[in-house]
Amino acid sequence: NEGNLAYTNSSNTESNTKDFEGYAQVQLVGSINPDFSWFNAANHEFYLDDAADLLGLSYLTRYYEAYKNTYGFTSAASVTKGNTFYLTSDIDLNPGWKVGESGTNLTTFYGIATMYGIFDGQGHTVSGLYNNGTMPDLITSDYGFIGSLHSGGKVCNLILKNGYLKSDSTSGLGSVVGCMKGGSCTIENVYSDVTVDGTAKNGNIVGGLVGGTWATGLANPLTIKQAV
C-alpha cells in the first residue's frame, strides 16, 4: 500500500489512484504518467531512460511519504542520499512545443524536490520543462529542475533547453536549482536556457541558473563551475 495520493491524467479516461493520507488529489496535466519501476531501494545507482522515469523521480522526492512503506523511506533525504541517478538518453517532456507558444495537454514538471546524491546527465539534454504556475500549492518550497541541492549533492553533465518554469510561491526559483543548501554541493558542466518567471517577494529569491544559496561557514563551500 503506497498510502492516499490520488491523481488523474487529463488525457486519459482512466483514473490512477494511490492511497496517500493527508494529500489532496493531484491533476497530472499531460500525456505522461510517472514510472517508478526503475527504482529499487537496495540499489544505489539508477538509470533514467525516458520522460516517465524522470517524472517518477520527481514524484518520489516530492511525495516520499506516499512511498515510505514500499521503499523504506524515512525522510526526503533518504530518497536520494548516497545514490546516483544517470540519464541514459535525451528526454523531451513536451515534444513539438516551444517556449512562447500556447499549447494544450502540456506535461507539467514539478521538479526533483531535493537532491542529496548525484544527478549525472551524462551529456544528455532535457527539453520541454514546463510549469505555468497554475498549481503553486504543489510547489511551496524551492523550485527548479532540482528544488534544493543539499550537502554532498551534485548535478553535472546536463543540458536543459526549451523550458519555462513559473512560480511566485517558492522560496528560491532557478532553472537548474532553486537553492543550494548546506555546503559541499556542486553544479558542474551544466547549460540551461530555460526561462524562469517569478517575483522576488517576501524573502523569495529568483535567479537564472540558481535561485539562492545558503551555507554555514566557509569550511563547506558551494561550487558552481562550467555552468552557463
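Atom set for the values below is all heavy atoms of this structure, side chains included, hydrogens, waters and symmetry mates excluded.
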Engineer: May I ask you to test the Leu160-Tyr191 pair for a side-chain heavy-atom distance under 4.5 Å?
Structural biologist: no

Engineer: Flag the pair Val126 / Leu158 as yes when at least one side-chain heavy-atom distance between them is below 4.5 Å, and no otherwise.
Structural biologist: yes

Engineer: Would you compute the distance between atom NZ of Lys161 and atom NZ of Lys98 and round it to the nearest 0.5 angstrom?
Structural biologist: 11.0 Å

Engineer: Counting the benzene-type ring for Trp, do Phe119 and Phe85 have ring centres under 6.0 Å apart?
Structural biologist: no

Engineer: Going by salt bridge (Lys or Arg N to Asp or Glu O under 4.0 Å), name the pairs with one or both residues in residues 74-85, residues two or more places apart or in two chains.
Structural biologist: none

Engineer: Is there a side chain to side chain contact (heavy atoms under 4.5 Å, CB included) between Leu55 and Phe109 once you walk through the steps?
Structural biologist: CA-CA 7 Å; Leu55 290 176; Phe109 183 68; 3.8 Å; yes

Engineer: Could you walk me through whether Asp142 and Lys181 pass side chain to side chain contact (heavy atoms under 4.5 Å, CB included), step by step?
Structural biologist: CA-CA 10 Å; Asp142 303 302; Lys181 293 184 174 181; 2.8 Å; yes

Engineer: Please give me the minimum heavy-atom distance between Cys156 and Ile118, naming the atom from each residue.
Structural biologist: SG-CG2, 4.5 Å

Engineer: Do Phe46 and Tyr86 belong to the same hydrophobic cluster, where Ile, Leu, Val, Met, Phe, Trp and Tyr are linked whenever their side-chain heavy atoms lie under 4.5 Å apart, directly or via other members?
Structural biologist: no

Engineer: Going by the rule ring pair (Phe, Tyr, Trp, His ring centres under 6.0 Å), which residues pair with Phe73 if we only count those two or more places apart in sequence or in a different chain?
Structural biologist: Phe39, Tyr71

Engineer: Determine whether a donor-acceptor pair (N or O, by modelled atom type, separation under 3.5 Å) exists between the side chain of Ser175 and the backbone of Ser192.
Structural biologist: no

Engineer: Tyr110 and Thr108: which non-hydrogen atoms are nearest, and at how many Å?
Structural biologist: CE2-CG2, 3.4 Å

Engineer: Mind jotting down which residue pairs meet the salt bridge (Lys or Arg N to Asp or Glu O under 4.0 Å) criterion with at least one end in residues 145-158? Sequence neighbours excluded, please.
Structural biologist: Lys154-Glu188

Engineer: For a quick test of reading the model, state the closest non-hydrogen atom pair linking Glu65 to Lys68 and the distance between them.
Structural biologist: O-CG, 3.3 Å

Engineer: Do any N or O atoms from the side chain of Ser184 and from the backbone of Ser151 form a donor-acceptor pair under 3.5 angstrom?
Structural biologist: no

Engineer: Give a yes or no answer on whether the side chain of Asn157 reaches the backbone of Gln122 with a donor-acceptor pair at less than 3.5 Å.
Structural biologist: no

Engineer: Is there side-chain contact between Ser127 and Asp90, with heavy atoms separated by less than 4.5 Å?
Structural biologist: no

Engineer: With rounding to the nearest 0.5 Å, note down the distance linking OG in Ser75 to OH in Tyr116.
Structural biologist: 7.0 Å

Engineer: Checking the side chain of Asp35 only, and the main-chain atoms of Asp53 only, is there a donor and an acceptor separated by less than 3.5 Å?
Structural biologist: no

Engineer: Could you tell me which non-hydrogen atom of Leu93 sits nearest to which non-hydrogen atom of Pro95, and how far apart they are?
Structural biologist: C-CD, 3.6 Å

Engineer: Should Tyr63 and Val79 count as side-chain neighbours, where that means a heavy-atom distance under 4.5 Å?
Structural biologist: no

Engineer: Do the ring centers of Phe36 and Tyr67 come within less than 6.0 Å of each other?
Structural biologist: yes

Engineer: Please check if the side chain of Asn162 supplies one atom and the backbone of Trp97 the other of a donor-acceptor pair under 3.5 Å.
Structural biologist: yes

Engineer: By side-chain hydrogen bond (donor to acceptor under 3.5 Å, both in side chains), which residues pair with Asp50, not counting sequence neighbours?
Structural biologist: none

Engineer: Pairs in or reaching into residues 102-118: which pass salt bridge (Lys or Arg N to Asp or Glu O under 4.0 Å), with residues at least two apart or in two chains?
Structural biologist: none

Engineer: Any side-chain heavy atom of Leu149 within less than 4.5 Å of one from Ile187?
Structural biologist: yes

Engineer: Which of these passes side-chain contact (heavy atoms from CB on, under 4.5 Å) with Ser148: Val177, Thr61, Thr114?
Structural biologist: Thr114

Engineer: So which heavy atom on Leu87 is nearest to which on His124, and how close?
Structural biologist: O-CD2, 3.2 Å

Engineer: Enter the distance from Asn131:CG to Leu165:CG here, rounded to the nearest 0.5 Å.
Structural biologist: 6.5 Å

Engineer: Side chains of Tyr164 and Asn132: is there a donor and an acceptor less than 3.5 Å apart?
Structural biologist: no

Engineer: Report the distance from atom CG of Asn94 to atom OH of Tyr130, rounding to the nearest 0.5 Å.
Structural biologist: 8.5 Å

Engineer: Which residues pass the side chain to side chain contact (heavy atoms under 4.5 Å, CB included) test with His44, sequence neighbours left out?
Structural biologist: Asn83

Engineer: Heavy-atom distance under 4.5 Å between the side chains of Ile146 and Val176, does that happen here?
Structural biologist: no

Engineer: Could you check whether any side-chain heavy atom of Leu54 comes within less than 4.5 Å of a side-chain heavy atom of Ile112, counting everything from C-beta outward?
Structural biologist: yes

Engineer: Please report whether the ring centroid of Trp38 lies less than 6.0 Å from that of Tyr47.
Structural biologist: no

